[in-house]
Amino acid sequence: MSETPPTPTAPAGAATLPLVFDEPRGRKKPPRHLADLDPAGRKELLESHGLPGFRAKQLSTHYFGRLVDDPEQMTDLPAGQRADLVAALLPDLMTPLRTLEADKGTTRKTLWKLFDGALVESVLMRYPDRATVCVSSQAGCGMACPFCATGQGGLQRNMSTAEIVEQVVAAQRSMTRGEVAGGPGRVSNVVFMGMGEPLANYKAVIGAVRRMTDPTPDGLGMSARGITVSTVGLVPRIRQLTEEGIPVTLALSLHAPDDELRNELVPINTRFSVAETVDAAFEYAQRTKRRVSIEYAMMRDINDQAWRADLLGDVLMRGDWGWVHVNLIPLNEVRGSRFTRSRDEDMDEFVRRLEAKGISTTIRDTRGNEIDAACGQLAASE
Ligand code: SAH
């Protein structure tokens, strides 16, 4: 009996996705680090180097629990083995090149150089009741939104799980060491709103979320509710995140309620329409019972008309609970861009119209404008 091999079938749209989502192949990978691995993987890696596996737990405690970065302080490791253990699981991942401060030292933007010279930025924002670190998930971004500085340079590469986690660990270190205005404290929130499209680097991002939420010493022991993943709306990945069962907050960068304008502002919309994208976000909210945030950068005479507020209200009107919260972000103007910030009165009217439809709406207080650390301003140049 002869058999013809089955023709591979892919879900609609899947065949063309990798073209957009994948980075160039054949690159050198970032050094392997314990934050890339789960506890079993860490043990295995040590053993593959001929080192005792049980030391992995001690190294994890130094990294995630005590936030130690100097091997000299790891005095519970045998002196003769310390260098090899550190080289195997705690290689240097990135070097801070520059830290800029604003808002009396409560906003700090750090420029990092990765092992291959790629540059990324992260921003720590301290508020009276919480401290949020805004992390990058890619060097550059391939989504090409014309109003965003990061989108102008294109995608360089995906970051590894450990490179993402290290931004949080570094922020946590500066908080516990009292380097941030306001005295010692802890990072309570993480937002994937730095450089890159997190859902285009799905696997590494989920790994990073797991390291952040795993209890110490396996991870940082943070609450998933304090973590926000922001996306342009890669619909298949939103669905995948829904299945993941980690109750992170989902933020959707919508910026327009109609396909005609959104195709221009968020080019991936030509692949996934507003209706499809909002459906996926609504499904996420229904399944996780987490309220979704809609991000909407207010651009003068582009997307800020009162009729568009009404249309946005209609597009978001689903279900019978407050599944959505709209965050209006006064546009941060990017050098050389034709987009400008909306007038205050137009923003106020926009809020009124949404609220009139029962949609909870706030205007985001944006931080770090003067150090180019605000939303859409991260371009990472030396
Ligand atoms: N790629 C993801 C993560 C980046 S988050 C995403 O787009 O959601 C950065 C947030 O800032 C997004 O909501 C983005 O649309 C918004 N943004 C980009 N450029 C901006 C600008 N110039 N002013 C205000 N917000 C901007």
Would you say [Y] ends up clustered with [X] if hydrophobic residues are merged whenever their side chains have heavy atoms under 4.5 Å apart, either directly or through other cluster members?
{"X": "Met193", "Y": "Ile371", "result": "no"}
{"X": "Leu252", "Y": "Ile329", "result": "no"}
{"X": "Val123", "Y": "Met175", "result": "yes"}
{"X": "Phe147", "Y": "Val334", "result": "no"}
{"X": "Phe64", "Y": "Phe54", "result": "no"}

Which residues satisfy the side-chain hydrogen bond (donor to acceptor under 3.5 Å, both in side chains) test with [X], sequence neighbours excluded?
{"X": "Gln167", "result": "none"}
{"X": "Gln172", "result": "none"}
{"X": "Ser253", "result": "none"}

Let me confirm one number: the [atom1]-[atom2] distance from [X] to [Y], rounded to the nearest 0.5 Å.
{"X": "His255", "Y": "Cys148", "atom1": "NE2", "atom2": "SG", "result": "8.0 Å"}
{"X": "Thr231", "Y": "Leu199", "atom1": "OG1", "atom2": "CG", "result": "4.0 Å"}
{"X": "Trp112", "Y": "Arg98", "atom1": "CH2", "atom2": "CZ", "result": "13.0 Å"}
{"X": "Thr110", "Y": "Leu124", "atom1": "OG1", "atom2": "CG", "result": "7.5 Å"}
{"X": "Arg353", "Y": "Trp307", "atom1": "CZ", "atom2": "CH2", "result": "12.0 Å"}
{"X": "Thr242", "Y": "Tyr284", "atom1": "OG1", "atom2": "OH", "result": "6.5 Å"}

What pairs with Asp301 under salt bridge (Lys or Arg N to Asp or Glu O under 4.0 Å), at least two apart in sequence or on another chain?
->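 If we apply the salt bridge (Lys or Arg N to Asp or Glu O under 4.0 Å) test to Asp301, skipping adjacent residues, the hits are Arg343.
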Minimum heavy-atom distance between [X] and [Y], given as atom pair plus value:
{"X": "Ile302", "Y": "Arg308", "answer": "O-NH1, 3.2 Å"}
{"X": "Ala208", "Y": "Ile164", "answer": "CB-CG2, 3.7 Å"}
{"X": "Val232", "Y": "Cys145", "answer": "CG1-SG, 4.2 Å"}
{"X": "Arg42", "Y": "Asp218", "answer": "NH2-O, 3.0 Å"}
{"X": "Ser60", "Y": "Leu34", "answer": "N-CD2, 3.9 Å"}
{"X": "Gly313", "Y": "Ile359", "answer": "O-CD1, 3.5 Å"}

Would a distance-only check, ignoring hydrogens and angles, find a side-chain to backbone donor-acceptor pair under 3.5 Å from [X] to [Y]?
{"X": "Asn201", "Y": "Pro198", "value": "no"}
{"X": "Ser174", "Y": "Ala170", "value": "yes"}
{"X": "Thr161", "Y": "Asp36", "value": "no"}
{"X": "Thr61", "Y": "Pro217", "value": "no"}
{"X": "Asn327", "Y": "Ile294", "value": "no"}
{"X": "His49", "Y": "Leu51", "value": "no"}
{"X": "Asp38", "Y": "Gly41", "value": "yes"}

Sequence-distant partners of His62, ring pair (Phe, Tyr, Trp, His ring centres under 6.0 Å), two or more places apart =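 His62: no ring pair (Phe, Tyr, Trp, His ring centres under 6.0 Å) contacts found.
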For Phe282, ring pair (Phe, Tyr, Trp, His ring centres under 6.0 Å) partners two or more places apart =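 So Phe282 forms a ring pair (Phe, Tyr, Trp, His ring centres under 6.0 Å) with Trp323.
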State which residues pass side-chain contact (heavy atoms from CB on, under 4.5 Å) with [X]; sequence neighbours excluded, sorted by chain then number.
{"X": "Ser342", "result": "Met298, Asp304, Met347"}
{"X": "Ser360", "result": "Arg291, His325"}
{"X": "Ala256", "result": "Asp258, Leu261, Arg262, Leu265"}
{"X": "Arg225", "result": "Ser223, Arg290"}

Are a donor atom and an acceptor atom from the side chains of Thr107 and Arg367 found within less than 3.5 Å of each other?
->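 On atom types as modelled, these side chains qualify, holding a pair under 3.5 Å.
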Answer with yes or no whether the side chains of Gln138 and Asn158 bring together a donor and an acceptor at under 3.5 Å.
->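 Checked: Asn158/Gln138 side chains pair up, N/O donor to acceptor below 3.5 Å.
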With a 4.5 Å heavy-atom cut-off, do [X] and [Y] have their side chains touching?
{"X": "Thr362", "Y": "Leu328", "value": "no"}
{"X": "Val266", "Y": "Met143", "value": "no"}
{"X": "Ser293", "Y": "Arg364", "value": "no"}
{"X": "Val180", "Y": "Arg108", "value": "yes"}
{"X": "Asn369", "Y": "Asn332", "value": "yes"}
{"X": "Tyr127", "Y": "Thr132", "value": "yes"}
{"X": "Ser136", "Y": "Met159", "value": "yes"}
{"X": "Cys134", "Y": "Val191", "value": "yes"}

Write out all pairs satisfying salt bridge (Lys or Arg N to Asp or Glu O under 4.0 Å) with one or both partners inside residues 186-214, taking only residues at least two apart or from two chains.
->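 Sorted pair list: Arg210-Glu244.
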With respect to Ile227, which candidate in Thr213, Asn189, Thr249, Ile246 satisfies the side-chain contact (heavy atoms from CB on, under 4.5 Å) definition?
->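 Among Thr213, Asn189, Thr249, Ile246, the one that satisfies the side-chain contact (heavy atoms from CB on, under 4.5 Å) with Ile227 is Thr213.
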Between Val278 and Leu254, is a side-chain contact (heavy atoms from CB on, under 4.5 Å) present by the stated rule, with each step listed?
-> CA-CA 9 Å; Val278 172; Leu254 198 60; 4.2 Å; yes
Before accepting this row, confirm whether a basic side-chain N of the pair [X]/[Y] lies closer than 4.0 Å to the acidic partner's carboxylate O.
{"X": "Lys109", "Y": "Glu370", "answer": "no"}
{"X": "Asp372", "Y": "Arg335", "answer": "yes"}
{"X": "Lys57", "Y": "Asp76", "answer": "no"}
{"X": "Arg352", "Y": "Glu349", "answer": "yes"}

Step by step, would you call Thr216 with Leu220 a side-chain contact (heavy atoms from CB on, under 4.5 Å)?
-> CA-CA 5 Å; Thr216 357; Leu220 282 169; over 6 Å; no
Distance-only donor-acceptor pairs under 3.5 Å for side chains of residues 80-95, two or more places apart:
unit_1 : atom_1 : unit_2 : atom_2 : d
Arg82  : NE     : Met74  : O      : 3.2
Arg82  : NH2    : Leu77  : O      : 3.4

Check step by step if salt bridge (Lys or Arg N to Asp or Glu O under 4.0 Å) holds for Arg239 and Glu243.
-> CA-CA 7 Å; Arg239 298 213 179 101; Glu243 300 303 324; over 6 Å; no
